[in-house]
Structure formats: C-alpha cells, structure tokens
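Keep in mind that this is a model prediction, so the values were computed, not measured. Below, chain A is the first sequence line, B the second, and so on; all start at residue 1. Atom set for the values below is all heavy atoms of this structure, side chains included, hydrogens, waters and symmetry mates excluded.
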Amino acid sequence: MSAPASPSLRRTPLFGRHQAAGARLVGFAGWEMPVHYQGARAEHIAVREACGIFDVSHMGQIETSGPQAQALLQRLLSNDLTAISFGVGPDGGQGTGGAQYSVLCREDGGVLDDLFTYRLDSERYLTVTNAANHGRDLHWFRAHAREFPQAQVSDLIEDYAMLAVQGPRARELVQAISDSPLPRRMTASRRRLAGAEALVCGTGYTGEDGVELLCAPEDAPLLWDEIVRRGAVPAGLAARDTLRLEACYCLYGNELSLERGPIEAGLGWCCREHTGFIGATAVAAAREAGPAEMLVAFALQEPGIARAGNAVLGGGEVTSGTLSPSLRRGIGMAYVPAARAAVGTRLEIDVRGKMRAAVIEQKPLYRKAS
Amino acid sequence: MAEASYPEDLLYHPEHDWARVEGEQATLGITWFAQDALGEVVFFEPPAVGTSVAKDAAYTEVESVKAVSDVIAPLSGEIVEVNGALAENPQAINEDPYGDGWLVRVRLSDPSEREALMDAASYVSSLAS
C-alpha cells in the first residue's frame, strides 16, 4: 500500500485544485502529484476521445540566452538546433519559435535526460527538463557554459507552472480563451489566455494533438479552472503513463538512463552527430556498429500485464508495461538483442514466474484512426 | 464503491484482507482500503483450485493501472473455488470488494487461526493510526 506522502515533498500551485477534485496524491520525483482523480482509465479515454488536462508543473525549465546561446545548446543537445526557426508573425505580432526534441548525453553517449527545447527569441531558448533530472541537467549546462562566456544559463523552475492540455478537443478549448490563433504543432509562441500571459507550445506526451502551457505559478489556478470549466478532464500521472506508452514515448528512468545510448533507444532520429555535441563520437560509433540491444514495443498475445524489470526469454528486459486502456491488451517496451528485434518477432516474457507470449509490434502501438 | 465500508460480519488482516468464515470454509478478498489505495484493478488471474494458502503469505496478485500487488492470505487452507468472473470483470474488486469482488474460497486447515484476526472496529481503528 502506498505510504503517506512525506511532508518534505514540494507542491505545485495547483495542489489545492487536486485535493478539491479528490485526487490520490503520491510522491513523484520529490513532488506531491496527482496519480489519478476518479479513475485512470476514464482519464485516459477522455484524452483519446476529447480533452484531458495535466498538471506537469514538476517539470523543470532552463533558459539559455545571449549571443552564444545557440552555440552552447548545440554543444549540449543531440539535435541540430539551427534547424529550428524564430519568426515574427506576418502581422508583426507575437513571434513564433520552433520546438525540438533531443537528448542530453555524456561523452560516452549515456543519456542524462531527454528534453524539449523551445526557441523564444533569436537568442533565447527554453529547455524543459524531467523533474528527477533537473538539478543534474542544470549543473551540466552551467559546467559547460564556462566555455561559452556569452551564453547565460538561468534556472526558471520557480518561475513557471506547466499544464498539458491534450486530446482532439484540446486546441478548441484553449483557443476559446486565447487572444489570437494558437501556434501550430512543434512551434511555441506567447499568448494571453484568459488575460494571463502564457507560452503556448504545440507539443505533448500523449500521442494526441494538444498544447502545453507555461505560465506564472500564480496564474496556473485561473488557467486550470477556465480550461476545466470548458470541458477538459483533470488527468493524473497514471493516465499520462498509459498514454505515453501507447504512443511509445520514452520515459527517463525506464527506457533511458546513463547505461543506455540514444541509438539503442531508437532515438537516432534526434541525434545529429555532425554538430559535434557532447557524446557525438560515441553515438556515431554506436550508429555505425549497431547496438547490441534495441528498444522494441510489444503486445501480449494472452491475458496478463508485463511490468518493468520482467525478463525476456533469451535475453533482454521489459522497461515499461501496462494494460493499454485503448487496445485492452498488455503492452510495453523492452530492450531485446538486436538480432531478435524485428517487428513480428515472438517473445516470451517471464511475468513473475509465468511465461507470457508477446509479439514485437510497430511503434507507436496506438495510432489515431484517420 | 465510493464510500469506505467495513462490514461487521467479516474478519480483517492487517495487510488489508478480509475473510468471511462459514464453518470449515472461508471466502477471502481485499478490503475497501486496499482497493482504494490500488486504484482501478485491471487484471486478476485467480490461483488454481487445490493450491494451498498459508496465513500471512502472498497467495495471489491483483494488478492496477500502475502496479502489481501481492494479496496476503488472512487464514491458511486449500483453495476450493475461485472467482472466475473477475477475469472478465476485474473492476468488481473496486466496485464491490466484499460481494462480487471476492477472490477465492478456501477450506480452512486451522480454523483457530481466526482468533488472530481483527474485527471491523479494530481494523478501522488500525487504519486511523
């Protein structure tokens, strides 16, 4: 049974909203967060069919600015930051910047974190970190910023609350409180929402369309209330996890770690070794040689639920597993030997002593019928 | 069920399991507190009829969205019947933990073990502490 939440846990500005909504609150990466409200399955379905709203204020923010901001980030992040643009709107209004996913690697290619970076201005970028890694990421950014004296690194975790509004109706609900059209997918721009200033980002972690909103902590309850009032269903960490797993997004600590590189995790697409990022040599070598194991998505062929840590017969291990609310089957991701990682390959997974049959499937496991 | 309930006619184990003793047999399940802490149960595969269960030891597992949890036997015995309906409808464990959500029925090997279990009032006060 879950232990009572420790008094040392941090609370987001929406803690009172979660309590009032009857959330079950748990400790997560040092924060007291809602794991579910009325039920994780209904929250999951609400995101797939209409709209859910998540408090993700536990996530961290690092701003990198100055004439060498891009050069510093190009050294730190695996992707090619020069590929994301920044432009002022045709009406001369709010500028819109690109968004980009990348990993932060050590020299040996081990993954320190996976992150989204948003371009706020020609010389200003905002990087969103995983809660558990924020301190380590910040230290890493600052240590390497010494080689880039014209780049400033600022910890903005106290300056931002963050809401994810996700699902086929998400844009419509947020648009209703916005002063101008919302930025497109994979772009970010400032808007006034219900009178409050927010950075609206066309990104998410659910496999649905939607937006993520970064705002001042004191404005978060107002935005939450306005969006919930229009029909968004409050959704917790449990639904966030089943949604991201159906979409086959990596979770740091499960699929990603210092012991795994981006190539074996299937994240070669966000690594541009020609930029010379820290770890590029190791990543290039892994890409050239081919990794010993690959991250695959699987679905069970019988009842049961494989969980993180379950062994795959013949080598490999499950990194995440759940019962998919959309597919109504046990699903998950696992590292398996590269020679047996092809789609269609049958797996036997040791689920606490019972062997369960599974098949490697195409990623993502859940795709919107279009 | 939304509201906590702990029927008077059951015996309770500190690991949040209940037993309804009827003569030489007992029906076993998990308490309202346990199902509430787990969240929605999404999978239950009953143990085999004929399996022995030992008081205070895990005899099966229930799976919620987030995790798998061991279920502890409040009494010792041999499983004589299992709730097969839970394979199709595991959420009965949440909706009706003392009725349709029962897990197994056992023939007791030592009926005197029941003396070590709590009545509803003791169990409820143990939850408050």
Ion pair check, Arg356(A) and Glu45(B), cut-off under 4.0 Å = yes

Does any heavy atom of chain B fall under 4.5 Å from the side chain of Leu323(A), the backbone, both, or neither of them?
-> side chain

Charged N to carboxylate O below 4.0 Å: is that the case for Glu22(B) and Arg105(B)?
-> yes

Honestly, the part of Arg41(A) sitting under 4.5 Å from a heavy atom of chain B is both

Examine whether an atom of Ala67(B) lies under 4.5 Å from a heavy atom of chain A, and if so say whether it belongs to the side chain, the backbone or both; otherwise answer neither.
-> backbone

Is Arg260(A) positioned over the aromatic face of Tyr335(A), cation under 6.0 angstrom from the ring centre and no more than 45 degrees off axis?
-> yes

Are Glu43(A) and Arg240(A) close enough for a salt bridge, meaning some N to O gap below 4.0 Å?
-> no

